[in-house]
Amino acid sequence: MIPVNPPIMTCRQLVDLVSDYVEDRLPVPERLRFEEHLAVCGPCRSYFDQMRDTIRLTGELREEAIEPAVRDAAVKAFRDWKGAS
Ligand SMILES: [Zn+2]
């Protein structure tokens with residue numbers, strides 16, 4: 001039997017890709033697979049939320065270079081978009 005759908009991303013793969021995802025460096029197909037995994041894996045969702053906050057706090061996104069209003073709008077758009085699926 002050949003599976004119709006590609007195998008879902010593993011937890012290990014997701015962990016490896018979190019920073020790339022948060023910094024928007026993943027190609028669209030990888031982003032979709034990332035979100036597909038998040039949608040079905042609670043522990044990874046918790047991990048992702050923590051990592052996203054950590055990356056934001058440590059400044060890897062260089063948000064200090066972005067106007068706060070713009071940053072807040074971007075963060076909100078990201079959340080809305082993430083929750084829209
Ligand atoms: Zn997982």
Side-chain angles (χ1 to χ4, degrees):
M1 295 246 314
I2 299 172
V4 174
N5 296 317
I8 195 165
M9 182 177 285
T10 65
C11 293
R12 178 55 201 266
Q13 287 175 312
L14 186 139
V15 167
D16 285 344
L17 291 173
V18 162
S19 61
D20 285 343
Y21 181 91
V22 171
E23 295 180 9
D24 200 17
R25 290 197 299 249
L26 290 179
V28 169
E30 285 298 295
R31 295 183 71 86
L32 293 177
R33 293 185 72 219
F34 189 100
E35 290 162 14
E36 182 183 32
H37 186 107
L38 281 186
V40 299
C41 188
C44 280
R45 209 150 53 226
S46 298
Y47 177 78
F48 170 71
D49 285 344
Q50 289 175 15
M51 281 298 296
R52 187 184 54 190
D53 290 345
T54 300
I55 289 169
R56 192 182 300 155
L57 287 173
T58 56
E60 283 192 39
L61 291 173
R62 295 166 183 59
E63 291 193 355
E64 68 274 10
I66 304 173
E67 289 291 333
V70 174
R71 182 196 62 202
D72 289 347
V75 169
K76 182 177 185 307
F78 175 77
R79 284 186 180 144
D80 290 347
W81 166 79
K82 177 171 171 276
S85 60

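Taking each heavy atom of M9 and R33 in turn, the nearest pair found is N-NH2, 3.6 Å. D20 and R25 make their closest contact through OD1-NH2, 2.5 Å (heavy atoms, listed as atom of the first residue, atom of the second, distance). The two residues R31 and D24 come nearest to each other via the heavy atoms NH1-OD1, 2.7 Å. The two residues H37 and L14 have their closest heavy-atom pair at CD2-CD1, 3.5 Å.
Remark: the backbone N or O of P27 is not paired with any side-chain donor or acceptor of E30 at under 3.5 angstrom.
Cluster annotation: L17 and V15 are assigned to the same hydrophobic cluster (Ile/Leu/Val/Met/Phe/Trp/Tyr, side-chain heavy-atom contacts under 4.5 Å, transitive).
Here the side chains of C11 and C41 are in contact, with some heavy-atom distance below 4.5 Å.
Taking the six-membered ring for Trp and thresholds of 30 and 60 degrees, F48 and Y21 have ring planes more than 60 degrees apart, a perpendicular arrangement.
Between R45 and D49 no salt bridge is recorded (no basic side-chain N to carboxylate O distance below 4.0 Å).
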After noting the C-alpha distance and the side-chain angles of D16 and Q13, does the key distance pass the side chain to side chain contact (heavy atoms under 4.5 Å, CB included) rule? CA-CA 5 Å; D16 285 344; Q13 287 175 312; 5.7 Å; no
